[in-house]
Number of protein chains: 2
Amino acid sequence: MGSSGSYVPTRPVDWSEIRAQLRASGLRWTPQRRTLIEVLSRTDGHVTGAELIERCRSVDPTTIPSTVYRTLDVLEGLGLVRHSHGANGREEFHVLPSGVHGHLHCTGCGSTWEIPADEAAEVVESLRASRRFAVDVTHLSISGQCAGCSEKTAH
Amino acid sequence: MGSSGSYVPTRPVDWSEIRAQLRASGLRWTPQRRTLIEVLSRTDGHVTGAELIERCRSVDPTTIPSTVYRTLDVLEGLGLVRHSHGANGREEFHVLPSGVHGHLHCTGCGSTWEIPADEAAEVVESLRASRRFAVDVTHLSISGQCAGCSEKTAH
DNA sequence: GAAGCAGATGCGAGACGTTGCAATATCAGG
DNA sequence: CCTGATATTGCAACGTCTCGCATCTGCTTC
């Protein structure tokens, strides 16, 4: 697994821009943050905190969990990642959200799908109308059964 | 805040019936389960696992966490309780659901509201139509800002 | 390039949950 | 009422995540 040395960043991330974003908020560019951002840049979809820590450790074995979680918080403040809680309550991070979206978790097969903002619009509108409640779609996490699983259950 | 509002002093719970339900599944009636059920019968609204443990301990100081969680699982299987995950990912249990409902969490003030099934119907229908996804309303937990908090934020 | 300020890190402790395993107690049967 | 089968418990270790605090270091200034 751990072939250290060369890997191909699949996503073009402008390091210096992130660094600039940090500075603009009076925040600092540290080796630990660089490590996490490098890991994130190679990550797609959803990752748990534990996975992120493990990946960081394979880049820098001295990685400390609390630092990762704190950096993740900072990065979330900059909009680089987003987190929500899976069906089991564990944190799930989502990298560089290309669009605002929520998640759907199937309790049957464990799969996860993204719900784009426009599809969630009905939900948002519904609650805004009835409760004047502003739904945070990025944290939206709905559990249930997907088409395949609910068919099996029905029988 | 306090939206978890209503506290029902006593709810008519038929102990012997629960015992019978357990036995019908080959499960056993133990002092520990009796303690937890007694606590639950005095509880209304949402409770965290930790709170439940604390309350059990005030009835029986020898209460062990893992036993409580395991019993809660069993009870959930019987439909006596239901759990979901709050905005922070912590478990929240609700007792003898008088009606199927989900939850709304305000990230601003921390309040929680219940969303009755009929109000959640739109959401459920929307996802059933677009994805053939069967939403589990009892696990539905939506975060965002309540009317009061979003007004403050708007400024 | 040295100094100082404030943000970050490292580390330990702690809260919440989960799991494996050996010992125990509930319940059915004789 | 005694006995056996097995559901449960107690315990301890572990995993995920948060927090406080002393120390350190990135960044700005002079």
Side-chain angles (χ1 to χ4, degrees), chain A residues 15-16 18-37 39 46-57 59-78 81-93 110 139, chain B residues 15-16 18-37 46-57 59-78 81 83-93 107 110 139 141:
Chain A
W15 259 245
S16 56
I18 294 179
R19 185 177 180 178
Q21 279 189 64
L22 286 169
R23 287 242 205 97
S25 309
L27 305 174
R28 291 171 189 171
W29 184 243
T30 68
Q32 294 81 355
R33 291 187 174 169
R34 193 194 138 286
T35 299
L36 177 56
I37 288 178
V39 166
H46 323 90
V47 231
T48 63
E51 267 169 347
L52 245 18
I53 289 168
E54 200 179 319
R55 293 185 194 179
C56 280
R57 251 200 254 275
V59 172
D60 173 5
T62 71
T63 297
I64 268 55
S66 58
T67 297
V68 174
Y69 286 114
R70 281 188 287 221
T71 301
L72 247 8
D73 270 357
V74 170
L75 261 25
E76 185 154 12
L78 295 181
V81 303
R82 214 97 242 189
H83 88 279
S84 58
H85 296 276
N88 57 4
R90 291 266 127 88
E91 289 193 311
E92 273 185 11
F93 294 89
H139 278 64
Chain B
W15 259 246
S16 55
I18 294 179
R19 184 177 180 177
Q21 277 189 67
L22 285 169
R23 278 221 280 238
S25 310
L27 304 175
R28 291 171 188 172
W29 184 242
T30 68
Q32 294 81 354
R33 290 186 175 170
R34 194 194 138 286
T35 299
L36 177 55
I37 289 178
H46 326 90
V47 228
T48 63
E51 266 169 347
L52 245 18
I53 289 169
E54 200 180 319
R55 293 186 195 178
C56 280
R57 249 199 255 274
V59 172
D60 173 4
T62 71
T63 297
I64 268 58
S66 59
T67 297
V68 174
Y69 286 114
R70 281 189 286 224
T71 301
L72 247 7
D73 270 357
V74 170
L75 261 24
E76 185 154 12
L78 296 180
V81 302
H83 87 279
S84 58
H85 296 276
N88 56 5
R90 291 267 144 82
E91 288 194 312
E92 274 186 10
F93 294 88
T107 54
H139 278 64
S141 190

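Please read all numbers here as calculations on a predicted model, not as lab measurements. Within every chain, numbering begins at 1; the chains are lettered A, B, ... in the order of the sequence lines, protein sequences first and strands thereafter.
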Shortest side-chain distance from B:Arg90, nucleotide among D:dG26, D:dC11, C:dG17:
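Between D:dG26, D:dC11, C:dG17, the one nearest the side chain of B:Arg90 would be C:dG17.
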
Which nucleotide in the set C:dC27, C:dG7, D:dT16 lies at the smallest distance from any side-chain heavy atom of B:Trp29?
C:dC27

Minimum-distance pair of heavy atoms, taken over all atoms of [X] and [Y]:
| X | Y | value |
| --- | --- | --- |
| B:Arg57 | B:Thr63 | NH1-O, 2.8 Å |
| A:Leu22 | A:Arg33 | CD2-NH1, 4.3 Å |
| A:Ser25 | A:Leu78 | OG-CD2, 4.2 Å |
| A:Thr48 | A:Phe93 | C-CD1, 4.3 Å |

Has [X] got a side-chain N or O lying under 4.0 Å from the OP1 or OP2 atom of [N]?
| X | N | result |
| --- | --- | --- |
| B:Arg34 | D:dT9 | no |
| B:Gln32 | C:dA25 | no |
| B:Tyr69 | C:dG17 | yes |
| A:Arg33 | C:dA8 | yes |

Select base, sugar-phosphate, or nothing to describe what [X] touches, counting heavy atoms under 4.0 Å on all strands.
| X | answer |
| --- | --- |
| B:Gly26 | sugar-phosphate |
| A:Ser66 | base |
| A:Arg23 | sugar-phosphate |

Nearest-0.5 Å distance that lies between atom CD in A:Glu91 and atom CG in A:Leu52
10.5 Å

Spell out yes or no: do the side chain of A:Arg70 and the base of C:dG7 have one donor N/O and one acceptor N/O closer than 3.5 Å?
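By the distance-only test, no, there is no pair.
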
Using heavy-atom distances to pick each residue's nearest nucleotide on DNA chain C, tell me which of A:Leu22 and B:Gly49 is more 5'.
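So the residue in question is A:Leu22.
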
With nearest nucleotides of DNA chain C determined for B:Ile53 and B:Leu27 from heavy-atom distances, which residue corresponds to the more 5′ nucleotide?
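Looking at the nearest nucleotide for each, B:Ile53 comes out on the 5' side.
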
Strictly under 6.0 Å, is that where the ring centroids of A:His139 and A:His83 end up?
yes

If each of B:Thr30 and A:Asp73 is mapped to the nucleotide of DNA chain D with the nearest heavy atom, which maps nearer the 5' terminus, i.e. the 5' end?
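Comparing both residues, the 5'-ward one is B:Thr30.
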
If you assign each of B:Thr67 and A:Glu91 to its closest nucleotide in DNA chain D, which residue comes earlier from the 5' end?
B:Thr67

What is the distance, to the nearest angstrom, from the [atom1] atom on [X] to the [atom2] atom on [N]?
| X | N | atom1 | atom2 | value |
| --- | --- | --- | --- | --- |
| A:Arg57 | C:dT9 | CZ | C1' | 14 Å |
| B:His85 | D:dC17 | NE2 | C1' | 15 Å |
| B:Leu36 | D:dG10 | CG | P | 12 Å |
| B:Glu54 | C:dG14 | CD | P | 17 Å |
| A:Arg28 | C:dA6 | CZ | P | 9 Å |
| A:Asn88 | D:dT16 | CG | P | 11 Å |
| A:Leu72 | D:dC17 | CG | P | 10 Å |
| A:His83 | D:dT18 | NE2 | C1' | 12 Å |

